[in-house]
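Okay, so here's the structure we're looking at.
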Amino acid sequence: SVNAAVVNSDLHAAGINTLKVGDTFFDNTNEYRIVGYNHKARKYPVQIMRLSDSSRRKAPVSFVQHWLKDPKNFKKVGG
């Protein structure tokens, strides 16, 4: 959709190049899905959802980038 394309370009501009809206990633204990990006939120622009309880959260770009350093911590939509 058009919204997803805009959010994906915002994520790319923020330095998250490997993930798009709908992709999931893992930290040590939880799995998260990227659901959006708020370019007006300076500190916590990435909108994520914890899949275990469907709680929506906001996160800094550095949180996502930290867990993306290892490819086993993320998976693409449909793959």
Side-chain angles (χ1 to χ4, degrees):
S1 79
V2 174
N3 261 352
V6 171
V7 172
N8 290 335
S9 68
D10 287 341
L11 287 169
H12 184 74
I16 301 174
N17 301 323
T18 53
L19 293 182
K20 299 189 181 311
V21 172
D23 290 344
T24 60
F25 67 96
F26 302 88
D27 67 4
N28 285 331
T29 57
N30 296 302
E31 182 176 5
Y32 298 95
R33 174 176 290 133
I34 294 185
V35 294
Y37 186 88
N38 181 359
H39 65 276
K40 293 180 183 177
R42 184 174 55 86
K43 289 187 177 182
Y44 304 103
V46 183
Q47 298 171 349
I48 58 177
M49 179 177 22
R50 186 170 57 193
L51 297 182
S52 62
D53 60 0
S54 297
S55 65
R56 288 181 162 254
R57 306 192 171 244
K58 53 189 182 180
V61 171
S62 61
F63 174 79
V64 179
Q65 287 175 332
H66 173 76
W67 294 107
L68 293 182
K69 289 178 185 174
D70 189 349
K72 69 179 170 60
N73 287 335
F74 66 91
K75 61 184 176 183
K76 301 281 191 173
V77 173

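Since the structure is predicted, the reported quantities are computational estimates derived from the model, not experimental observations.
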CD1 on Ile48 to NZ on Lys58, rounded to 0.5 Å: 11.5 Å

Let's go through Val64 and Tyr32 carefully: what are the C-alpha distance in whole Å and the side-chain angles of both, what is the deciding distance for side chain to side chain contact (heavy atoms under 4.5 Å, CB included) to 0.1 Å, and is it a yes or a no? CA-CA 10 Å; Val64 179; Tyr32 298 95; over 6 Å; no

Any donor-acceptor pair under 3.5 Å linking the side chain of Asn8 with the backbone of Lys20? no

Expected output: side-chain Asp27 to main-chain Asn30 donor-acceptor under 3.5 Å: yes

Exactly one candidate in Val21, Val46, Asn38 meets side-chain contact (heavy atoms from CB on, under 4.5 Å) with Val7; the answer is Val21

Checking side chain to side chain contact (heavy atoms under 4.5 Å, CB included) for the pair Phe74/Asp23: CA distance, chi angles, key distance, verdict? CA-CA 8 Å; Phe74 66 91; Asp23 290 344; over 6 Å; no

If I compare all heavy atoms of Lys72 with all of Phe26, which pair ends up nearest, and what's the gap? O-CD1, 4.2 Å

List in chain and number order the residues that pass salt bridge (charged side-chain N to carboxylate O under 4.0 Å, His left out) with Arg56, two or more places apart in sequence or in another chain; answer none if no residue qualifies. none

Verdict with supporting geometry, Tyr37 and Ile16, side chain to side chain contact (heavy atoms under 4.5 Å, CB included): CA-CA 11 Å; Tyr37 186 88; Ile16 301 174; 5.7 Å; no

Give a yes or no on whether a salt bridge exists between Asp53 and Arg50, defined as a side-chain N under 4.0 angstrom from a carboxylate O. yes

How far apart are the C-alpha atoms of Met49 and Ser54, what are their side-chain angles, what is the distance that settles it, and do they pass the side chain to side chain contact (heavy atoms under 4.5 Å, CB included) test? CA-CA 6 Å; Met49 179 177 22; Ser54 297; 4.0 Å; yes

Partner residues of His66 under the side chain to side chain donor-acceptor pair (under 3.5 Å) criterion, sequence neighbours left out: none

From His12 atom NE2 to Leu19 atom CG, the distance as rounded to the nearest 0.5 Å: 13.0 Å

Which atoms form the tightest heavy-atom contact between Pro60 and Pro45, and what is the distance? CA-CD, 4.2 Å

